[in-house]
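Here is the naming used below: chain letters follow the sequence lines, and residue numbers restart at 1 for every chain. Computed over heavy atoms, backbone and side chain alike; hydrogens, waters and symmetry mates excluded.
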There are 2 protein chains.
Amino acid sequence: MATLKDVARLAGVNISTVSRALAGSPSISAATAQRVRAAADQLGYHPNLSARALSGKRTGVVALAVQDIMSPVWALLCGGVCDTVAARGGTVMLFTAQNESDYRERVLPALRSCGADGAVLALLFLDQQLQQLTEETGIKAVLAECRPRAGIPSVYADREEASYRACRHLIDVGCRDIALVTAPWFDHSYIEGCDRAAGGEVPHRVYSGEPTYQAGYQLGLALAADGPLPQGLVTVCDEQALGLQHAFLQNGVQVPQDCSVISLEDSMLAVATWPQLTAVSKPLYRIGARAADMLLDMLDGKTAASQVVHHQLTVRQSTSLR
Amino acid sequence: MATLKDVARLAGVNISTVSRALAGSPSISAATAQRVRAAADQLGYHPNLSARALSGKRTGVVALAVQDIMSPVWALLCGGVCDTVAARGGTVMLFTAQNESDYRERVLPALRSCGADGAVLALLFLDQQLQQLTEETGIKAVLAECRPRAGIPSVYADREEASYRACRHLIDVGCRDIALVTAPWFDHSYIEGCDRAAGGEVPHRVYSGEPTYQAGYQLGLALAADGPLPQGLVTVCDEQALGLQHAFLQNGVQVPQDCSVISLEDSMLAVATWPQLTAVSKPLYRIGARAADMLLDMLDGKTAASQVVHHQLTVRQSTSLR
DNA sequence: CTGAAAGCGCTTACAG
DNA sequence: CTGAAAGCGCTTACAG
């Protein structure tokens with residue numbers, strides 16, 4: 001591991017000159033800058049990040065805290081953050097926090113002492129503790145996939161819009177009778193979006209259902225047997241939609257001819273089922289990417305404001321014009 | 001951010017005493033150790049990892065390099081690493097490298113200068129470059145999910161065994177005629193495992209198929225139409241199995257009555273399809289966890305040897321006794 | 001334009 | 001058992 005000292009010796013200058021030359025300081029003559037760079041290349045010099053952090057400079061390290069990388073949802077967000085940070089020359093330090101106390105006792109201390117320049121937080125359970133992070137430690141942070149809080153800017157998608165767009169799509173393809181599968185104890189925004197899309201003109205109802213395959217399957221059986229079958233169905237997740245589809249398939253209800261189905265998720269399940277699911281989805285990768293960009297911009301001294309990211313509609317085979 | 005100096009002042013001792021007391025050095029009197037800890041608690045002291053790294057001590061940071069966190073497969077492995085490292089008091093620094101040049105130019109330099117104690121590498125494309133990492137930089141590393149190379153120990157699952165166990169399961173439930181869907185340009189181990197399980201007694205054949213839904217679907221259509229339908233089918237991934245199932249479902253072939261299907265993956269697709277897929281899967285989470293444990297053990301000075309992790313069979317509804 | 005020196009926060013021989 | 005000092009590798013006022 002070559003250090004500044006090694007480069008300095010080889011280039012025949014002082015280490016401070018090397019430091020300046022490599023940092024691109026204008027106060028270094030072209031000739032020495034050239035010589036220093038050559039020496040650095042020859043030795044394969046790379047700055048020691050710990051030393052740089054210690055002397056108060058940026059390290060290029062961005063801390064990323066998520067609840068669970070194993071979930072495809074969060075994994076996508078992480079991907080967006082990683083790619084963006086990498087593209088801008090940095091690296092990501094990953095923290096997972098399951099809950100508030102885990103965060104407070106393990107992650108927060110690490111966050112402040114790890115030498116990161118800033119943090120992207122994708123932790124839905126955080127609230128009060130956010131103050132601590134930014135106020136006590138002065139770490140710059142942005143939130144991802146949750147509304148701005150505690151004065152920290154965030155990048156997120158709006159749930160009401162998701163439901164609105166899905167219902168709108170069903171109405172656009174001719175459904176005159178739609179249903180939303182959700183649970184009242186979930187975010188109420190889903191129901192609001194549905195109401196807004198229906199606009200008092202299209203009959204719509206809400207079925208209670210957990211976000212599981214089982215719940216979708218049971219509802220599908222019940223609808224196939226006793227009806228009334230809506231012309232269009234919105235599910236809050238792909239599993240529900242799959243359950244519905246399978247129940248329908250087994251009972252002679254055709255998707256999308258008899259009933260169009262649209263999901264508010266868009267995981268790998270959506271394309272691996274038959275018919276493939278039309279879906280309205282949060283652009284999680286983009287949310288991660290934008291959050292990272294916002295953080296890096298803040299670190300560059302730019303001011304940042306929260307951003308609402310829009311959902312995208314992907315039309316596949318489970319919905320069609322009737 | 002309280003530092004050692006702050007704690008020292010509050011406790012009325014020298015910073016070296018604080019450092020020793022907090023490190024649990026036996027050469028510190030119980031009384032001062034007690035006083036120092038109290039002061040540290042009161043100030044909410046947490047050591048600065050950069051400073052610690054700079055003075056040559058362990059930082060508790062483990063570098064993890066993967067090809068793609070967005071894939072559920074790698075995400076599971078990352079989860080195993082993160083949870084294990086966290087449980088042992090450390091944190092993970094995440095790097096993603098798409099390919100060899102990306103690794104060499106961006107990741108390797110970062111790996112050596114980021115202050116990590118060691119690295120878990122889950123990069124299938126690595127080979128020659130491994131020498132560099134360990135020899136030039138002296139970083140301790142373990143490989144995950146690939147065979148040991150360049151003298152670096154690894155934790156991995158054996159593909160031949162996966163195929164063997166899947167075929168064995170089919171034979172055990174009474175299939176007297178099995179087929180494997182794979183491609184000759186994939187790892188040949190799959191075919192070898194099948195051969196070994198069949199043992200010259202059970203007729204078996206190999207169908208060429210990309211690891212996609214489409215490939216499975218097309219094969220399913222062909223088998224349903226023209227046969228001969230094997231009694232048991234092994235697919236190298238869930239997508240293939242899903243495609244097969246759908247083609248069968250549409251053409252009156254019943255799974256598992258007419259044909260048992262087993263997959264060599266076990267993603268979320270396996271449980272979200274109908275019938276749910278029986279699968280032989282790599283314990284990726286465990287591979288990550290074991291790799292992390294192995295690395296941390298090596299850092300503790302223990303010697304480590306490569307480990308082969310065994311696949312697990314999860315019997316669901318797509319196979320049954322005939 | 002360049003160098004000598006101090007400082008970031010920690011650890012650890014070296015004295016006492 | 002405890003302190004004063006040097007050192008890890010970098011950055012940046014301060015001189016010249």
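Thr32(A) has a side-chain polar atom (N or O) that falls below the 4.0 Å cut-off from OP1 or OP2 of dT2(C). For dT11(C), one of the phosphate oxygens OP1 or OP2 lies less than 4.0 angstrom from a side-chain nitrogen or oxygen of Ser19(B).
In summary, Lys302(A) and Asp293(A) do not engage in a salt bridge, as defined by a charged side-chain N under 4.0 Å from a carboxylate O.
The residue among Gly56(B) and Ala33(B) whose nearest nucleotide of DNA chain D lies closer to the 5′ end is Ala33(B). Mapping Leu54(B) and Pro26(B) onto DNA chain D by nearest heavy atom places Pro26(B) at the nucleotide closer to the 5' end.
Between the P atom of dT11(C) and the CZ atom of Arg58(B) lies a distance of 14 Å, rounded to the nearest Å. Atoms CG (Leu22(A)) and P (dT12(D)) sit 13 Å apart, rounded to a whole Å. With rounding to whole Å, Asn48(A) atom CG is found 6 Å from dG9(D) atom C1'. Between Lys5(B) atom NZ and dT11(C) atom P the separation is 15 Å, expressed in whole Å. Atom CG of Leu4(A) and atom P of dG9(D) are 10 Å apart (whole Å). Between the OH atom of Tyr45(B) and the C1' atom of dT11(C) there is a distance of 10 Å, rounded to whole Å.
Of all the heavy atoms in Ser306(A) and Met294(A), the pair that sits closest is CA-CE, 4.3 Å.
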Could you spell out the base pairing of DNA chain C in dot-bracket, with Watson-Crick or G-U pairs whose two distances are under 3.5 Å, [ ] crossing and | to another strand? |||.||||||||.|||

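When side chains are defined from C-beta on, Ile152(B) does not count as touching Lys140(B), because their heavy atoms never get closer than 4.5 Å. For the pair Val308(B)/Glu161(B), no side-chain contact is recorded, criterion being any heavy-atom separation below 4.5 Å from C-beta on. Using a 4.5 Å heavy-atom threshold, the side chains of Leu94(A) and Val66(A) count as touching.
With Arg88(B) as the fixed residue, the salt bridge (Lys or Arg N to Asp or Glu O under 4.0 Å) test singles out one of Asp300(B), Asp83(B), Asp117(B): Asp300(B).
In this structure, the side chain of Thr59(B) engages the main chain of Gly115(B) through a donor-acceptor pair within 3.5 Å. A donor-acceptor contact shorter than 3.5 Å links the side chain of Asp6(B) to the backbone of Thr3(B).
Residue Arg20(B) places its side chain closer to dT12(C) than to any other of dT12(C), dC8(D), dA4(C).
Within residues 9-18 of chain A, the residues that have a heavy atom under 4.0 Å from DNA chain C are, in order of number, Val13(A), Asn14(A), Ser16(A), Thr17(A).
Among the heavy atoms of the strands lying under 4.0 Å from Ser27(B) is at least one base atom, whether or not backbone atoms are also near. Here Ser50(A) lies out of heavy-atom contact (under 4.0 Å) with every strand. Using a 4.0 Å heavy-atom cutoff across all strands shown, Ile28(A) reaches sugar-phosphate atoms only and no base atom.
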Audit row: Tyr103(B), Leu108(B), side chain to side chain contact (heavy atoms under 4.5 Å, CB included) steps and yes/no: CA-CA 6 Å; Tyr103(B) 172 79; Leu108(B) 183 59; 3.5 Å; yes

